[in-house]
Amino acid sequence: TARSPGDLTIRWTRRSRALVADAWEQVGVPLAEDLESYDVQILDGAVVKRTLTSSTTSVLYTAAQQTADWGAPFGPGQTLAIRIYQLSNRLGRGDPAAVTLQF
């Protein structure tokens, strides 16, 4: 999370639907999908303000996008609610990881 207004890089840890992902000795889990792809929803209450897409476990929410969505970039003392979906060719969107970021 950002300590001052500007671009935000949102990062997360990938989950896996593969049964072998449930092993204690693994550091990273196998993808078990043809392609790695995510949707990140920027929320205003129950309303989706913006959906960002990524093929890695991070996405950039630019200061310009924040300004268009909220009037200014996020800064200290503010919060941002997001949902992250891992996409699958077989299953579509998975269950989201929902979190509120604190600045």
Side-chain angles (χ1 to χ4, degrees):
T1 58
R3 298 288 184 248
S4 62
D7 292 350
L8 299 175
T9 301
I10 301 169
R11 293 182 176 90
W12 58 92
T13 301
R14 177 170 46 86
R15 299 183 288 184
S16 179
R17 295 176 179 95
L19 293 176
V20 297
D22 194 21
W24 290 98
E25 60 277 346
Q26 292 184 9
V27 175
V29 295
L31 180 60
E33 300 292 341
D34 295 334
L35 298 171
E36 189 168 7
S37 186
Y38 304 92
D39 282 346
V40 178
Q41 292 180 333
I42 306 298
L43 303 173
D44 183 7
V47 176
V48 177
K49 287 278 237 187
R50 180 180 299 270
T51 300
L52 304 169
T53 60
S54 179
S55 60
T56 65
T57 56
S58 70
V59 69
L60 185 66
Y61 189 24
T62 67
Q65 291 169 325
Q66 295 170 58
T67 300
D69 294 346
W70 307 98
F74 283 92
Q78 294 182 298
T79 61
L80 174 64
I82 63 170
R83 283 190 296 236
I84 303 170
Y85 292 90
Q86 183 175 349
L87 307 180
S88 168
N89 287 339
R90 294 174 288 137
L91 304 172
R93 279 184 169 173
D95 290 332
V99 66
T100 299
L101 305 176
Q102 308 266 334
F103 303 98

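Basis for what follows: all heavy atoms, side chains included, without hydrogens, waters or symmetry-related copies. Predicted, not measured: the structure shown is a model, and the values here were computed from it.
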Sequence-distant partners of Ala68, side-chain contact (heavy atoms from CB on, under 4.5 Å), two or more places apart
Arg50
Enter the distance from Thr100:OG1 to Leu80:CG here, rounded to the nearest 0.5 Å.
8.0 Å
Using the side chain to side chain donor-acceptor pair (under 3.5 Å) criterion, which residues pair with Thr62? Sequence neighbours excluded.
Gln65
Close side-chain approach of Phe74 to Leu101, heavy-atom, < 4.5 Å
no
Would you say Asp39's side chain and Thr53's backbone share a donor-acceptor pair under 3.5 angstrom?
no
With a 4.5 Å limit on heavy-atom distance, are the side chains of Trp12 and Ile82 in contact?
no
Closest heavy-atom contact between Gly6 and Pro73?
N-CB, 3.7 Å
Between Tyr61 and Val40, does the side-chain contact (heavy atoms from CB on, under 4.5 Å) criterion hold? Intermediate values first, please.
CA-CA 10 Å; Tyr61 189 24; Val40 178; over 6 Å; no
If you measure from CD1 on Ile42 to CD1 on Ile10, what distance do you get to the nearest 0.5 Å?
4.5 Å
Does one hydrophobic cluster hold both Phe103 and Leu43, with members joined at side-chain heavy-atom distances below 4.5 Å?
no
To the nearest 0.5 Å, tell me how far Glu36 CD sits from Thr56 OG1.
7.0 Å
Any heavy-atom pair between the side chains of Leu60 and Leu8 that's under 4.5 Å?
no
Could you grab the distance from atom CZ of Arg93 to atom CZ of Arg83, nearest 0.5 Å is fine?
8.0 Å
How long is the gap from OG on Ser37 to CD on Gln86, to the nearest 0.5 Å?
9.0 Å
If you round to the nearest 0.5 Å, how far is OH of Tyr38 from CG of Leu87?
9.0 Å
Residues at least two apart in sequence or cross-chain that pass side-chain contact (heavy atoms from CB on, under 4.5 Å) with Ala72, listed by chain then number, are none
